[in-house]
> 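Mind having a look at this structure? Questions to follow.
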Amino acid sequence: MDVLVLIGRLLFVMLFLGSAVAHLTKTQAMGAYAASRGVPAAVPATVASGLVILAGGVSIALGIWADLGALLIAAFAFPTAVLMHGFWREEDPQARQMEQTQFLKDIALGGAALMLIAFFSYVGDCLGLTITGPLFDIS
């Protein structure tokens, strides 16, 4: 089971680590897009969100307080869904559908991150192939 969980952790964070790199290397372009969606202080928010998902992704991938990493991912995913993918604001049907898909993707990933928090906390130090056990004890 440990290997299966490790593979799942790595596959889960691939999206976030790639996005973190983009947030931190294409900050101006991503900040401009965030500003167009109404995000205040868009460039600093882009850097901050990039650091959050980088820390969360690395934490989950390496198994260093992976429950905290999952919390960081959830804290990124839910506001991103609402702020960046407000499909209800779109008038064009094609744009609305695209934004709704992105909204639902972010909500689903946030939900998966919440499950990971519970999983890591429940399994505790029994899960192998991690560097530390969980930070939180919510069992």
Side-chain angles (χ1 to χ4, degrees):
M1 177 175 94
D2 294 346
V3 171
L4 187 60
V5 173
L6 174 62
I7 292 168
R9 287 181 4 226
L10 295 174
L11 292 173
F12 178 73
V13 301
M14 285 175 60
L15 172 73
F16 298 105
L17 293 176
S19 184
V21 169
H23 277 71
L24 299 172
T25 61
K26 299 176 182 171
T27 306
Q28 294 303 318
M30 293 190 81
Y33 178 67
S36 78
R37 303 303 283 178
V39 174
V43 171
T46 299
V47 172
S49 61
L51 293 172
V52 166
I53 56 178
L54 178 64
V58 168
S59 170
I60 294 169
L62 297 178
I64 302 171
W65 291 339
D67 55 342
L68 176 60
L71 180 60
L72 292 173
I73 296 297
F76 167 80
F78 294 121
T80 298
V82 173
L83 292 172
M84 299 299 294
H85 303 297
F87 63 91
W88 52 90
R89 294 186 298 253
E90 297 294 335
E91 293 182 20
D92 176 62
Q94 188 174 4
R96 179 182 288 258
Q97 183 175 2
M98 184 180 76
E99 290 302 333
Q100 184 175 16
T101 299
Q102 293 302 314
F103 176 87
L104 293 172
K105 173 200 56 123
D106 286 349
I107 294 297
L109 289 168
L114 292 177
M115 288 189 291
L116 284 176
I117 296 167
F119 173 74
F120 291 129
S121 177
Y122 180 77
V123 173
D125 292 323
C126 297
L127 184 63
L129 303 175
T130 60
I131 295 174
T132 70
L135 179 62
F136 306 117
D137 180 14
I138 59 172
S139 57

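Computation of the quantities below employed the complete heavy-atom set of this structure, encompassing side-chain atoms and omitting hydrogens, waters and symmetry-equivalent molecules.
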> Using the side-chain contact (heavy atoms from CB on, under 4.5 Å) criterion, which residues pair with A45? Sequence neighbours excluded.
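Here the qualifying residues are V39.
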> Among residues at least two apart in sequence or on other chains, which ones pass side-chain hydrogen bond (donor to acceptor under 3.5 Å, both in side chains) with S19?
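So S19 forms a side-chain hydrogen bond (donor to acceptor under 3.5 Å, both in side chains) with H23.
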> Quick check: is F78 connected to L83 through a chain of hydrophobic side chains (ILVMFWY, heavy atoms under 4.5 Å apart)?
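Each belongs to a different hydrophobic cluster.
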> Quick one: which residue pairs count as a ring-ring contact (aromatic ring centres under 6.0 Å, His included) with a foot in residues 2-22, not counting sequence neighbours?
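Matches after skipping sequence neighbours: F12-F16.
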> Are V13 and V5 connected in the hydrophobic side-chain network, where two residues link if heavy atoms are under 4.5 Å apart?
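Yes.
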> Could you list all the salt bridge (charged side-chain N to carboxylate O under 4.0 Å, His left out) pairs where at least one residue sits in residues 113-123, not counting sequence neighbours?
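Qualifying pairs: none.
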> Same cluster for I7 and V123 if Ile/Leu/Val/Met/Phe/Trp/Tyr side chains link at under 4.5 Å?
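No: no chain of side-chain contacts under 4.5 Å links I7 to V123.
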> If every non-hydrogen atom of P79 is compared with every non-hydrogen atom of A74, which pair is closest and at what distance?
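Shortest heavy-atom contact: CD-O, 4.1 Å.
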> Side-chain donor-acceptor contacts of residues 124-135 below 3.5 Å, not counting sequence neighbours, with atom names and distances?
| from | atom 1 | to | atom 2 | distance (Å) |
| --- | --- | --- | --- | --- |
| T130 | OG1 | L127 | O | 3.4 |
| T130 | OG1 | T132 | O | 3.2 |
| T132 | OG1 | W65 | N | 2.6 |

> To the nearest 0.5 Å, what is the distance between CD1 (I53) and OG (S59)?
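Those atoms lie 14.0 Å apart.
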> In the hydrophobic cluster built from side-chain contacts under 4.5 Å, what are the other members alongside V43?
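When side chains under 4.5 Å apart are linked, V43 ends up in no cluster with other residues.
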> Can L15 be reached from L24 by stepping across I, L, V, M, F, W or Y side chains whose heavy atoms are under 4.5 Å apart?
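Yes, L24 and L15 fall within the same hydrophobic cluster.
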> Enumerate, atom names and distances included, each donor-acceptor pair closer than 3.5 Å involving a side-chain atom of residues 103-120, sequence neighbours excluded.
| from | atom 1 | to | atom 2 | distance (Å) |
| --- | --- | --- | --- | --- |
| K105 | NZ | Q102 | OE1 | 3.4 |

> So which pairs with a foot in residues 30-53 pass salt bridge (charged side-chain N to carboxylate O under 4.0 Å, His left out), sequence neighbours left out?
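Salt bridge (charged side-chain N to carboxylate O under 4.0 Å, His left out) check on residues 30-53 returns R37-E90, R37-E99.
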> Could you tell me which residues satisfy side-chain hydrogen bond (donor to acceptor under 3.5 Å, both in side chains) with R89, sequence neighbours excluded, listed by chain and number?
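Testing R89 for side-chain hydrogen bond (donor to acceptor under 3.5 Å, both in side chains), a comparison that skips the adjacent residues, returns none.
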> Check for me, please, whether L51 and L72 land in the same ILVMFWY cluster - side-chain distances under 4.5 Å, paths through other members count.
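Yes, one cluster joins them.
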> Are any of the side-chain heavy atoms of L54 and V58 separated by less than 4.5 Å?
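In short, these two side chains touch, coming nearer than 4.5 Å.
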> Which side-chain hydrogen bond (donor to acceptor under 3.5 Å, both in side chains) pairs, counting each pair once, include a residue from residues 25-34, with sequence neighbours left out?
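Sorted result for residues 25-34: empty, none.
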> Return the CG to CG distance between L6 and L11, rounded to the nearest 0.5 Å.
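If I round to the nearest 0.5 Å, the distance is 9.5 Å.
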> With sequence neighbours left out, write down each residue that passes side-chain hydrogen bond (donor to acceptor under 3.5 Å, both in side chains) with Q100, or none if nothing qualifies.
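Counting only residues at least two positions away or on another chain, Q100 forms no side-chain hydrogen bond (donor to acceptor under 3.5 Å, both in side chains).
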> Restricting to side-chain contact (heavy atoms from CB on, under 4.5 Å), what partner residues turn up for A42, sequence neighbours left out?
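If we apply the side-chain contact (heavy atoms from CB on, under 4.5 Å) test to A42, skipping adjacent residues, the hits are A34, A35.
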